[in-house]
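Note: hydrogens, waters and symmetry copies are ignored here, and every other heavy atom, side chains too, is used.
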Amino acid sequence: MDSAKPNYTQKVTIGRHVVQTDEPSEYGGSDQRPTSVELVMAALGTCAATTAQTYAERRPWPLESVHVEPFYARVPADLYGQSDTNISG
């Protein structure tokens with residue numbers, strides 16, 4: 001991975017493929033590319049879809065398509081570390 005201009009742009013090389021990430025403008029990025037978290041969500045979604053397709057293919061079950069919509073929510077910084085659960089050792 002290499003950082004690049006503008007701020008927060010990251011260039012990731014995976015084998016022969018190159019992917020770039022960025023951050024939204026409200027977090028100091030240029031919002032020109034997906035965020036790292038969005039790439040993680042896309043990876044989870046594609047993994048789920050591929051698994052469903054493979055499972056159906058090997059049964060064989062009729063499956064025309066798979067639609068996955070991964071979801072995440074950013075936690076505001078002032079809420080980090082807050083919990084209604086106490087863990088003591």
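Taking Tyr72 as the reference, nothing meets the ring-ring contact (aromatic ring centres under 6.0 Å, His included) condition, with sequence neighbours excluded. Every residue two or more places apart in sequence or in another chain was checked for a side-chain hydrogen bond (donor to acceptor under 3.5 Å, both in side chains) with His17, and none qualifies.
Chaining together hydrophobic side chains whose heavy atoms lie under 4.5 Å apart places Leu63 alongside Val66, Val68.
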Listing, residues 23-32 side-chain donor-acceptor contacts under 3.5 Å, not counting sequence neighbours, or none:
residue, atom, partner, partner atom, Å
Glu23, OE1, Arg74, NH2, 3.3
Ser30, OG, Asp22, OD2, 2.5
Gln32, NE2, Ser30, O, 3.3

Just list the side-chain donor-acceptor pairs under 3.5 Å for residues 37-55, sequence neighbours left out, or say none.
residue, atom, partner, partner atom, Å
Glu38, OE1, Thr35, N, 2.7
Thr46, OG1, Ala42, O, 3.2
Thr46, OG1, Ala43, O, 3.0
Thr50, OG1, Thr46, O, 2.8
Thr51, OG1, Cys47, O, 2.8
Thr54, OG1, Thr50, O, 2.8
Tyr55, OH, Arg59, NH2, 3.1

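Residue pairs meeting the ring pair (Phe, Tyr, Trp, His ring centres under 6.0 Å) criterion with at least one partner in residues 32-54, sequence neighbours excluded, are absent.
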